[in-house]
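Here the structure is laid out as structure tokens; the discussion comes afterwards.
Below, all heavy atoms of this structure are taken into account, side chains as well, without hydrogens, waters or symmetry copies. Everything numeric here is computed off the predicted structure, so don't read it as measured data.
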Amino acid sequence: PNLTEAAMLLGENYRTDPMTVNEARSLLLKLHGLGPKMIVVTGVELATGIIANICYDGEHGSFWYSPCEYIPVHYPGCGDIFASVVIGAMLGGSSLPMAIGKATSFTELCVKTTFSYGSDPREGVMFESVLGNLIRAEGTGIYKTL
């Protein structure tokens, strides 16, 4: 989920302030408590000033994040693209942090590409022209421990 969806799932108020690492971990653990073994929350602003997608692997007890650049626009379909790349990468043998890194990198590239053309945000992202990045080494993305 994104932060709005995470708040709804937990029956909590949506928060707008940046999260500390401990708050981010707590959020992931609360969501994990609902049953899923792996948790990903997108678009989290951390107190360090980083925007990131955060995750928890309950099987290994590991917390991860993948940083991304804030682009001042919202396009429909980004969550679908992100989720599709995570699932595809994991089905291809990537670990959760690697899959999140790849999905973050690819989704960010889609948004930057679309933003550079000044397209109407209602038309969604232009992902077709950057699909090749999913199979190239530079499309693997960055992930770090949280």
Side-chain angles (χ1 to χ4, degrees), residues 1-10 14-19 21 23-32 34-146:
N2 59 36
L3 280 174
T4 302
E5 295 160 339
M8 290 173 64
L9 286 168
L10 296 170
Y14 174 76
R15 60 181 294 161
T16 58
D17 56 318
M19 287 187 184
V21 169
E23 290 170 331
R25 286 180 172 206
S26 176
L27 173 67
L28 291 165
L29 288 173
K30 286 178 195 175
L31 290 166
H32 175 67
L34 297 177
K37 294 179 183 180
M38 296 181 186
I39 307 294
V40 179
V41 179
T42 60
V44 176
E45 182 180 0
L46 298 173
T48 58
I50 294 172
I51 305 291
N53 298 316
I54 61 175
C55 69
Y56 175 67
D57 180 345
E59 186 176 325
H60 298 100
S62 303
F63 296 91
W64 301 89
Y65 75 95
S66 183
C68 55
E69 184 179 338
Y70 174 74
I71 315 296
V73 68
H74 297 283
Y75 297 107
C78 290
D80 297 331
I81 290 170
F82 181 86
S84 296
V85 174
V86 168
I87 291 167
M90 291 184 74
L91 288 173
S94 294
S95 66
L96 178 62
M98 290 173 62
I100 287 183
K102 188 169 204 162
T104 300
S105 175
F106 183 72
T107 305
E108 181 178 356
L109 181 60
C110 290
V111 170
K112 285 180 176 178
T113 299
T114 307
F115 188 66
S116 74
Y117 282 96
S119 300
D120 184 340
R122 295 174 295 177
E123 295 177 8
V125 292
M126 303 167 66
F127 65 91
E128 297 87 353
S129 65
V130 296
L131 278 172
N133 287 45
L134 286 173
I135 56 172
R136 293 189 197 114
E138 66 267 21
T140 58
I142 298 170
Y143 56 92
K144 300 176 181 187
T145 58
L146 179 66

Given the options L28, I39, I54, F63 meets side-chain contact (heavy atoms from CB on, under 4.5 Å) only with L28
Taking only residues two or more places apart in sequence or in another chain, which ones pass side-chain hydrogen bond (donor to acceptor under 3.5 Å, both in side chains) with [X]?
X: H60; answer: D57
X: T104; answer: N53, S66
X: K144; answer: none

About how many Å separate [atom2] of [Y] and [atom1] of [X], when rounded to the nearest 0.5 Å?
X: I142; Y: I100; atom1: CD1; atom2: CD1; value: 14.0 Å
X: K30; Y: L9; atom1: NZ; atom2: CG; value: 12.5 Å
X: I71; Y: C78; atom1: CD1; atom2: SG; value: 10.5 Å
X: Y56; Y: L31; atom1: OH; atom2: CG; value: 12.0 Å
X: M38; Y: S62; atom1: CE; atom2: OG; value: 10.0 Å
X: Y75; Y: C110; atom1: OH; atom2: SG; value: 11.0 Å

For [X] versus [Y], what's the shortest heavy-atom pair and its separation?
X: E5; Y: P1; answer: OE1-CA, 3.2 Å
X: M90; Y: A99; answer: CG-CB, 3.6 Å
X: L134; Y: K102; answer: O-NZ, 2.6 Å

Atom pairs and distances, side-chain donor-acceptor, residues 121-129, under 3.5 Å, sequence neighbours left out:
unit_1	atom_1	unit_2	atom_2	d
R122	NE	D120	OD1	3.2
R122	NE	D120	OD2	3.2
R122	NH2	D120	OD2	2.6

Note to self: With a 6.0 Å cut-off (strictly less than), is the heavy-atom count around OH of Y117, excluding the residue itself, greater than 12?
What the structure shows: no
So the salt bridge (charged side-chain N to carboxylate O under 4.0 Å, His left out) pairs with at least one residue in residues 62-85 (sequence neighbours excluded) are E69-K112
R25 meets the salt bridge (charged side-chain N to carboxylate O under 4.0 Å, His left out) criterion, sequence neighbours left out, with none
Worksheet entry | pair T107-F82: side-chain heavy atoms closer than 4.5 Å | yes
Report task. Using modelled atom types only, decide if a donor and an acceptor are shared between the side chain of E108 and the backbone of S105 within a distance under 3.5 Å. Result -> no
